[in-house]
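Presented below is the structure to which this report refers.
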There are 2 protein chains.
Amino acid sequence: LSAIDELVGELARLPGIGRKTALRLAFHLLKQPEDDARRLARSIVDVREKVRPCGRCGNLSEQDPCGICNSNRRDVSLVCVVEEASDIMAIERTGEYRGLYHVLGGRLSPLDGIGPAELNLKPLLERIGQGAVGEVVLATNPSVEGEATALYVGRILSPLGVKVTRIARGLPVGGDLEYADGVTIAEALNGRREL
Amino acid sequence: LSAIDELVGELARLPGIGRKTALRLAFHLLKQPEDDARRLARSIVDVREKVRPCGRCGNLSEQDPCGICNSNRRDVSLVCVVEEASDIMAIERTGEYRGLYHVLGGRLSPLDGIGPAELNLKPLLERIGQGAVGEVVLATNPSVEGEATALYVGRILSPLGVKVTRIARGLPVGGDLEYADGVTIAEALNGRREL
């Protein structure tokens, strides 16, 4: 396999990148200044070397605990539960949320073989057990799996004496939190209601 | 800047990749096995280290002269002139063309400041001067700039006693050779006519 074919193959493995786009990107990388291509390669290696999940909340960060867990300007009594670390970035962009996070690392999806045991719930239960958490906002995606996950997590948390809320259905049903605009996400956070 | 922001910035510089797609790709690279991410980074560096323009035709290749120039199964009397090396791959995919190539490295585009001096024409004139070339097929894109480039190159070549043809307008006008399907490209090659 030639170096170009090799690169096209690797690029085509990325989500949403087909063979023609991969080919176009490969030729772009060959045409632009060599430093630019090297910087992209370096960034990919860097991100894998430096970025790790936060031991406390699961956020992807270069520090452990992450900047959000470590901040003394956040409301430690409020924990927002999300499916993936990328959802944290979407919520942070709104600038409307001042609490902490917890990343489940997925959502209940029987068809994909993801059951309750696959969700990262234990650290959240431990945190609640320590007593500082007053409210948990369930911000899983407004999809069928996300709703099921929220219901399941809510049922686990309700006996623990903590207030459990769900972000409002301001988000388009069946959509993906990562793609929603900031105003919609902020609306959904403000309109959260007790489960 | 964090490593994630850095990577998102580099990815967003690629053509057709916006900030949201870049973010999605960055998180994908963080989620997939580390080896996959490293292989992509390695491929980018490799392609820049190994692939160079062929000294004879300008094709991007790991050998110089490239595999097409070096092949003894190609018709050396036929030279196909293309705008970019990526167009060669599009034509080769049809399996219909058995001649050699010449890459102009662009097309006439006064608005972008690309005039006749910016086109890589000298090596083609030298090759024709050596006498082996009987026909030159102009396969620049069927766009306004591509047509202008074909007309210009045709006018330069016609006094040299070589047959000059233009690929047929089987390609959708205003389109891009790189995106055309193989059958259309093959049709256009077969239907070429003398300028």
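Your options are B:Met89, B:Glu6, B:Arg42, and the one with the most heavy-atom pairs under 4.5 Å with chain A is B:Met89. Of the listed residues (B:Val45, B:Val47, B:Leu29, B:Val51), the greatest number of heavy-atom pairs within a distance under 4.5 Å of chain A belongs to B:Val47. Of the listed residues (A:Pro15, A:Ala90, A:Ser2), the one with the most heavy-atom contacts under 4.5 Å to chain B is A:Pro15. Residue with the most contacts toward chain B among A:Leu60, A:Asp46, A:Val8: A:Leu60 (heavy-atom pairs, distance under 4.5 Å). Interface summary for chain A: among B:Lys50, B:Glu49, B:His28, the most heavy-atom pairs under 4.5 angstrom belong to B:His28.
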Stepwise, does the side chain to side chain contact (heavy atoms under 4.5 Å, CB included) test hold for A:Leu40 with B:Leu11? CA-CA 7 Å; A:Leu40 170 59; B:Leu11 289 169; 3.7 Å; yes

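For chain B, the nearby part of A:Glu62 is the side chain; its heavy atoms alone come within less than 4.5 Å.
Once rounded to the nearest 0.5 Å, the distance linking CZ of B:Arg48 with CG of A:Leu7 reads 11.0 Å. One distance of note links CD1 of B:Ile4 with OG of A:Ser43; it measures 12.0 Å at 0.5 Å rounding.
The contact list for residues 17-27 of chain B toward chain A, using heavy atoms and a distance under 4.5 Å, reads B:Ile17, B:Lys20, B:Leu23, B:Arg24, B:Leu25, B:Phe27 by residue number. Of all residues in residues 70-87 of chain A, those placing a non-hydrogen atom less than 4.5 angstrom from a non-hydrogen atom of chain B are A:Glu84, A:Ala85, A:Ser86. Listed in order of number, the residues of residues 30-39 of chain A that approach chain B to under 4.5 Å between heavy atoms are A:Leu30, A:Lys31, A:Gln32, A:Pro33, A:Glu34, A:Asp36, A:Ala37, A:Arg38, A:Arg39. Within residues 103-119 of chain A, no residue has any heavy atom under 4.5 Å from a heavy atom of chain B.
A:Leu151 and A:Ile167 fall into different hydrophobic clusters, defined by Ile, Leu, Val, Met, Phe, Trp and Tyr side-chain heavy atoms under 4.5 Å apart, directly or through other members. B:Val153 and B:Val162 fall within the same hydrophobic cluster, where Ile, Leu, Val, Met, Phe, Trp and Tyr residues are linked whenever their side-chain heavy atoms come under 4.5 Å apart, directly or through other members.
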